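Worth knowing before you read on, the calculation uses all heavy atoms, side chains too, and leaves out hydrogens, waters and symmetry mates. All values derive from a computational prediction rather than experimental measurement. Convention: sequence-line order gives letters A, B, ...; per-chain numbering from 1.
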There are 2 protein chains.
Amino acid sequence: MAELSLPDLDPISDRAVFRQIADHLRDAIERGKLHQGDKVPSETQLMQHYGVARMTIRNALQVLQSEGLTVAEHGRGVFVRSHPPVRRLASDRFARRHREQGKAAFIAETEGAGGKPSVDSIKITEENASPDVAERLKLTTEDCVIVRSRRYLINGRPVEIATSYIPAEIARGTQIAQPDSGPGGIYRRLEEMGFQLDHYMEEIRSRMPLRDEARALKLAPGVPVFHLIRTAYTTEGRAVEVCDTVMSSDAYVLSYELPAR
Amino acid sequence: MAELSLPDLDPISDRAVFRQIADHLRDAIERGKLHQGDKVPSETQLMQHYGVARMTIRNALQVLQSEGLTVAEHGRGVFVRSHPPVRRLASDRFARRHREQGKAAFIAETEGAGGKPSVDSIKITEENASPDVAERLKLTTEDCVIVRSRRYLINGRPVEIATSYIPAEIARGTQIAQPDSGPGGIYRRLEEMGFQLDHYMEEIRSRMPLRDEARALKLAPGVPVFHLIRTAYTTEGRAVEVCDTVMSSDAYVLSYELPAR
DNA sequence: GAGTGGTCTAGACCACCCA
DNA sequence: GGGTGGTCTAGACCACTCC
């Protein structure tokens, strides 16, 4: 244990022993006695210090892990989670002027911030619209949509999985239905096709990841995701794309400007 | 067990037994064989079905709980989480026209949606600005701010804790420094004082709650929070308020409009 | 090989809920 | 009082990491 001094258990308290232990460790982290990346005392050390069974220690460590404060590394130890740099998304990120250089938003931004962007798992299909997508695009579930799904990575770390839905009537046979949607991305293609984009609506939820999402984003336990659904509207008010994206919450800060009018 | 049929364990698989069991139950939930509010088979039933020790079952249930899929109720059982109705926050929610009726945004909106809003734990202090708040308000940490903290509830359920910081130079001695900030809330007061509001910037993060936040919001395990920081700017570009709020993620859907320009 | 966390067993007693 | 989950013990064996 050496460096880190932990209090003893309070024999009076009716707070469960494993919670008391979790409290001590959480305190040490919040007070900065344990820093990002520091190793938490091993299970054996904690057992000896508190004089309790291993399961009790493991329960305590489990609490911290599900709070997103620590990560366990098999064979190495338990460490205070270190937070990787975040990507800040501004509310003008899809403004036209950012499309002109011929790069899709993600690529341009990531390079601008000195990171190495990549995209993989690109899959394109044509399907019937789901009820939710149909409603957002003002279609019926009889109508077909082009479905573009892909995963975004920064410096090899997956940060976002996204699925776009575009009415097949618009996109079928165009470059939008190709894996490489070309310079400027699909918003640029839509504008070339005469769909003048006016604004987007974004809906944001936060929740714990599903199993597949946790795997695709290589999420540590205790890391929630943003679930963002964006709909793109033309100047005529027509919805031409729905983009459903799931983002690692510790890779992003979203930022928006609101009118006070 | 009666209604719910669960698969057997795969003796070949090297996936841990408790994970296989968690997978089976997760599947049942995702496929709709278990609905919101349904009781998951008891630990005893699961032990018998799978022929494993109780800790193994508890580990499996723990996985689901930390994924936010279930909640355990002491003495009653484990239940599939039911999601309460959410409050949708539109990006024009702080527009001036919504302030004119004399109600603060939260009250007006909640009543509009047929809910019973309340506010408690109102505390007002005057403190030195923290480095973060100082930076956002373009003050120094020598400067003082009025700190208004409160908790918002809908139908008695806590959904949001908020802390506003207003430069003391502006707010000291005014109604903004009183527990009841008066009709229309502090944004209305600021405008009456000649600070014409122009726009707000909101920064959104998502993470697991700290211990105190989980308690104040009565969060079930496995429910993340939105952490939203809003700064209000006048037409002269001066930052006059920072509002730091933590919201239960299963009570809110945030919604924003972005320009395509 | 020594030390770490990962999984699992087989008990025990307690606190809570409901009939 | 019977069933439920909450806590805790005292072992066991395994897999991974690092020296």
Side-chain angles (χ1 to χ4, degrees), chain A residues 1-4 8-25 34 37-66 69-81 214 220-222, chain B residues 1-2 4 8-25 34 37-66 69-81 214 218 220-222:
Chain A
M1 208 96 81
E3 348 70 27
L4 183 64
D8 289 332
L9 293 175
D10 176 354
I12 312 291
S13 165
D14 54 359
R15 189 164 175 78
V17 172
F18 78 92
R19 291 191 199 284
Q20 290 189 49
I21 297 175
D23 291 346
H24 295 169
L25 292 169
L34 282 172
D38 280 3
K39 188 172 177 310
V40 169
S42 75
E43 296 179 355
T44 314
Q45 288 173 318
L46 291 170
M47 281 169 65
Q48 284 159 0
H49 175 79
Y50 288 108
V52 298
R54 183 164 172 230
M55 277 308 299
T56 306
I57 298 297
R58 283 182 67 77
N59 278 333
L61 293 173
Q62 161 84 288
V63 169
L64 299 180
Q65 173 144 333
S66 73
L69 294 173
T70 60
V71 272
E73 295 185 32
H74 197 169
R76 302 217 317 126
V78 174
F79 300 85
V80 178
R81 232 190 43 235
Chain B
M1 210 97 81
L4 183 65
D8 289 332
L9 294 175
D10 177 355
I12 312 293
S13 165
D14 55 0
R15 187 161 176 80
V17 172
F18 79 92
R19 290 189 199 284
Q20 290 189 49
I21 296 174
D23 291 346
H24 294 171
L25 292 169
L34 282 173
D38 280 4
K39 187 171 180 306
V40 170
S42 76
E43 296 179 352
T44 315
Q45 287 173 318
L46 291 169
M47 281 169 65
Q48 283 160 0
H49 176 79
Y50 288 109
V52 299
R54 183 161 171 232
M55 277 307 300
T56 307
I57 297 297
R58 284 182 66 77
N59 277 333
L61 292 173
Q62 159 86 297
V63 170
L64 299 181
Q65 174 145 333
S66 73
L69 294 174
T70 59
V71 270
E73 295 186 31
H74 197 167
R76 302 215 319 125
V78 174
F79 300 86
V80 178
R81 255 246 317 276
K218 297 205 200 316

What is the distance, rounded to the nearest whole Å, between atom OH of Tyr50(A) and atom P of dT7(D)?
-> 17 Å

d(CZ, Arg54(B); P, dG6(D)) in whole Å = 8 Å

With the side chain of Ala16(B) defined as its heavy atoms from C-beta on, choose the nearest nucleotide among dG5(D), dC8(C), dC8(D).
-> dC8(C)

Between Asn59(A) and Arg76(A), name the one whose nearest nucleotide on DNA chain D is closer to the 5' end.
-> Asn59(A)

N or O in side chain of Thr56(B) less than 4.0 angstrom from dT7(C) OP1/OP2 | no

Measure the distance from CD1 on Ile57(A) to P on dG3(C) and round it to the nearest whole Å.
-> 18 Å

Identified side-chain contact (heavy atoms from CB on, under 4.5 Å) partner of Val40(A) from the options Leu61(A), Leu4(A), Leu69(A) = Leu61(A)

Would you say the side-chain atoms of Gln20(B) pair up with the backbone N or O of Arg15(B), donor to acceptor, closer than 3.5 Å?
-> yes

Gap between atoms CE and P, on Met55(A) and dA10(D) respectively (whole Å) | 14 Å

Any chance you could measure Leu25(B), atom CG, to Leu34(B), atom CG, to the nearest 0.5 Å?
-> 7.0 Å

Check whether any side-chain N or O of Glu43(B) sits under 3.5 Å from a backbone N or O of Arg58(B) as a donor-acceptor pair, and report yes or no.
-> no

CD1/Ile57(B) to OG1/Thr44(B) distance, rounded to the nearest 0.5 angstrom?
-> 9.5 Å

Counting any heavy atom closer than 4.0 Å, what does Arg19(A) reach on the DNA or RNA strands: base, sugar-phosphate only, or nothing?
-> sugar-phosphate

Rounded to whole angstroms, how far apart are CD on Glu43(A) and C1' on dC14(D)?
-> 14 Å

Closest of dT4(D), dT9(D), dT9(C) to the Val52(A) side chain is dT9(D)

Separation of dC18(D) atom P from Lys39(A) atom NZ, nearest Å, is 12 Å

Separation of atom CG in Leu46(B) from atom C1' in dG3(D), rounded to whole Å | 14 Å

Phosphate OP1/OP2 of dG3(D) contacted by Thr44(B) side-chain N/O (<4.0 Å) | no

Is the shortest side-chain N/O distance from Ser42(B) to OP1 or OP2 of dT4(D) below 4.0 Å?
-> yes

Taking atom types as they are modelled, is there a donor-acceptor pair under 3.5 Å from the base of dT7(C) to the side chain of Arg58(A)?
-> no

Would you mind reading off the distance between Leu9(A) atom CG and dT7(D) atom P, rounded to a whole angstrom?
-> 15 Å

Among dA10(D), dT7(D), dG5(C), the one nearest any side-chain atom of His74(A) is dG5(C)

